[in-house]
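On a predicted model such as this, the values are computed, not experimentally measured, just so you know. Count residues from 1 along the sequence.
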Amino acid sequence: MRESGILMPVSSLPGPYGIGCFGTEAETFVDFLAAAGQKIWQILPLSPTGYGDSPYQSCSAFAGNPYFIDLDALKAEGLLTAAQLKAESWGEDPLQVDYGTLYTSRYKILRAAYAAWRRQCEGLHGCAHYYPDAYYAFTLENESWLEDYALYMALKTANQMKSWTEWPRAYRMRDGHALAEFRAEHEEEIGFWKFLQYEFAIQWKKLKAYANAKGIQILGDIPIYVSADSVDAWVGGPLFELAADGSFARVAGCPPDYFSADGQLWGNPLYNWPYHRETGYAWWIERVRHALGIYDLLRIDHFRGFDTYWAIPAGSTTAKDGKWEIGPRMELFHALENALGKLPIIAEDLGDIVDSVRELLAESGFPGMKVLQFAFGGGDNEYLPHNHVRNSVVYPGTHDNTTLTAWWEIGASEKEKAMACAYLHLTPCHPTAKEVAAVKTDAARVALLRAALGSASERAIIPMADWLSLGEEGHLNTPGRLGGNWTWRAAEGFGTKKLAEEILGECEAVCRA
């Protein structure tokens, strides 16, 4: 079945509190998707943002982002007042996430909500240690990661949010006696971080159920790696490549490519794949099981890293010093399927792709990705629409690309634009520079969207910013750039009835609605 969907981060939804969340605006967007004939809502990772405000550098591979908790829902529960919400600053520009302001105001409000919730719990039972049955059920179901996460965040708070590698040695090395003492002395702080995950889970489950009832599947996203500054790295030990002193021996990144002449130095710890093999890939099974409990479909970022991965010596200043190592390949996916059944995974197979990666993708059976912004550099490459295969997902661009409008106006070379003009029949087959320059930006945008939707790929995912004809302001992330990423928010009322009808018509024309 041919399907289409829209890529729209939760953070990019409009709303009054500085960042998109699981509230009314999210349900309104689901209604818009349904009216537009869409079957998929693709989001970015729901995990807490970390270094560079990135959802791909999170403090936890399992936790949800507290920023996405709907504050109006907490107000409806009697945990917050309108006056409390009005008193806080949420940023000056409603079309940009101000993460610095958000960090201060959001956690202040969430702590107030937690205090009110504790008073409610105590009032219901007359006991300071009483919690609702639903809360106990949540903590029990998620005990394998929640206990470590809440302790980690309480320790991080007590240590001025420094990386765990800078904590006092007893905490850094997870001394049992020191941690037991800390737990006893910081019970309320640990409880706060559990409460946030409880509220996140309740609200996300409700929103996902609303989307599923409308025929919309949620396509989630998990990074291949965890952050060095994360609870996963703190407790992981032998899960990662370690030096003799317990520090990380090598870190992740990618070699020079389309996005960066120096490559990308991500800094994530690398997996100790022999250890994972010995454990039957137990940690990966738990991670993917958890993700599939949150999402209907799952995109795994940097799929090529399961075939061969770029290993950079710790302490390097660029990614150029790395080398390729062999990953777990199909052994990992066989273990996952044996434990979890058929996996609804989409493989992000972009970057420097060699034959062994293509072979792994074919053997896995997972659909790969086709990106139109990579199609027009010359030659009969795999991203040109006539080369797309059914078992794939086509995108005009991903969250790492700029929008189609900005690509046409400032990103594409003259050679790319000339080839696109000829391929999309916007000009004669061998256009002059003058003929290319005469092509209107919006005509090119529409032609590229129609090329994506008309592709043989089973699924087509269009970034919301492309449907809205946005320029560089809608660009979510520039790889290798620190600051200014992940901030775009849509304007109030962006999902109009007229736009839904336009999208529906375009999708119906190519049998995707």
Side-chain angles (χ1 to χ4, degrees), residues 5-33 36 38 41-50 52-58 64-73 85-86 88-107 109-110 200 203-204 207 211 218-221 396-407 461-478 481-496 499-500 503:
I6 291 178
L7 168 59
M8 179 66 166
V10 172
S11 61
S12 294
L13 293 168
Y17 305 121
I19 194 170
C21 66
F22 297 153
T24 301
E25 291 82 7
E27 292 190 353
T28 299
F29 183 64
V30 169
D31 295 339
F32 171 82
L33 290 171
Q38 304 303 288
W41 178 8
Q42 180 174 345
I43 57 179
L44 297 181
L46 291 177
S47 48
T49 50
D53 303 317
S54 172
Y56 293 91
Q57 292 285 357
S58 180
N65 191 341
Y67 290 165
F68 296 156
I69 295 171
D70 177 28
L71 300 184
D72 284 329
L85 295 174
K86 188 176 181 181
E88 297 303 320
S89 171
W90 304 108
E92 298 297 323
D93 186 350
L95 302 184
Q96 293 283 309
V97 180
D98 181 343
Y99 285 99
T101 297
L102 200 64
Y103 176 78
T104 301
S105 58
R106 184 60 67 112
Y107 281 112
I109 283 291
L110 290 173
F200 174 96
Q203 293 191 11
W204 173 247
L207 177 58
I218 304 295
L219 170 53
D221 194 322
T398 73
H399 60 266
D400 286 335
N401 296 102
T402 191
T403 65
L404 286 178
T405 293
W407 182 75
I461 307 290
I462 310 297
M464 192 67 232
D466 285 334
W467 282 122
L468 293 172
S469 309
L470 295 181
E472 183 63 19
E473 71 274 16
H475 188 176
L476 283 167
N477 179 54
T478 301
R481 182 185 73 181
L482 284 179
N485 293 323
W486 317 108
T487 62
W488 170 66
R489 298 184 72 198
E492 291 283 351
F494 73 96
T496 64
L499 181 56
I503 295 171

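With a 4.5 Å cut-off on side-chain heavy atoms, Leu110 and Leu71 count as touching. Residues Pro14 and Pro94 fail the side-chain proximity criterion, which asks for heavy atoms closer than 4.5 Å. For the pair Leu499/Phe494, no side-chain contact is recorded, criterion being any heavy-atom separation below 4.5 Å from C-beta on. Looking only at side-chain heavy atoms (C-beta outward), Leu85 and Ile109 come within less than 4.5 Å of each other.
Here Met464 contributes atom CE and Thr403 contributes atom OG1; the two are 12.5 Å apart, rounded to the nearest 0.5 Å. To the nearest 0.5 Å, atoms CG (Leu219) and CH2 (Trp41) are separated by 12.0 Å. Separating the CD atom in Glu25 from the CG atom in Leu13 is a distance of 7.5 Å, to the nearest 0.5 Å. Rounded to the nearest 0.5 angstrom, Trp467 CH2 and Gln38 CD are separated by 7.0 Å. Between the CH2 atom of Trp486 and the CG atom of Leu44 there is a distance of 5.5 Å, given to the nearest 0.5 Å. Between the CD atom in Gln42 and the CE atom in Met8 there is a gap of 13.0 Å [rounded to 0.5 Å].
Cys21 and Ile69 get closest at one heavy-atom pair: CB-O, 4.1 Å. Across every non-hydrogen atom of Pro396 and Ile461, the tightest pair is CD-O, 3.3 Å. Heavy-atom minimum distance, Ile218 versus Ala211: CD1-CB, 4.1 Å. Listed here is the closest heavy atom pair of Pro463 and Gly397: CG-O, 3.3 Å. The shortest non-hydrogen separation linking Gly484 to Thr487 is O-OG1, 3.8 Å. Taking all atoms of both residues into account, the shortest heavy-atom contact from Gly64 to Pro66 is O-CD, 3.2 Å.
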Carefully, step by step, assess Tyr67 and Tyr107 under the rule ring-ring contact (aromatic ring centres under 6.0 Å, His included). CA-CA 8 Å; Tyr67 290 165; Tyr107 281 112; 5.7 Å; yes
Give the C-alpha distance, both sets of side-chain angles, the deciding distance and a yes or no for side chain to side chain contact (heavy atoms under 4.5 Å, CB included) between Thr478 and Asn485. CA-CA 7 Å; Thr478 301; Asn485 293 323; 4.0 Å; yes
Take Asn65 and Thr49, measure what side chain to side chain contact (heavy atoms under 4.5 Å, CB included) needs, and give me the verdict at the end. CA-CA 7 Å; Asn65 191 341; Thr49 50; 4.0 Å; yes
Stepwise, does the side chain to side chain contact (heavy atoms under 4.5 Å, CB included) test hold for Phe29 with Val10? CA-CA 10 Å; Phe29 183 64; Val10 172; over 6 Å; no
Between Ile19 and Phe68, does the side chain to side chain contact (heavy atoms under 4.5 Å, CB included) criterion hold? Intermediate values first, please. CA-CA 8 Å; Ile19 194 170; Phe68 296 156; 4.1 Å; yes
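Side chain of Ser58 to backbone of Gly50: no donor-acceptor contact under 3.5 angstrom is found. Although no hydrogens or angles enter the test, the distance criterion places a donor-acceptor pair under 3.5 Å between the side chain of Gln203 and the main chain of Asp70.
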Which donor-acceptor pairs under 3.5 Å do the side chains of residues 468-476 make with protein atoms, sequence neighbours left out?
residue, atom, partner, partner atom, Å
Ser469, OG, Arg445, NE, 3.2
Ser469, OG, Arg445, NH2, 3.2
Glu472, OE1, Thr402, OG1, 2.6
Glu472, OE2, His475, ND1, 2.8
Glu473, OE1, Gly471, N, 3.3
Glu473, OE2, Gly471, N, 3.2
His475, NE2, Asn401, O, 3.4
His475, NE2, Asn477, O, 2.8

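For residues 9-23, every residue pair satisfying the side-chain hydrogen bond (donor to acceptor under 3.5 Å, both in side chains) rule, not counting sequence neighbours, is listed here: Tyr17-Asp72.
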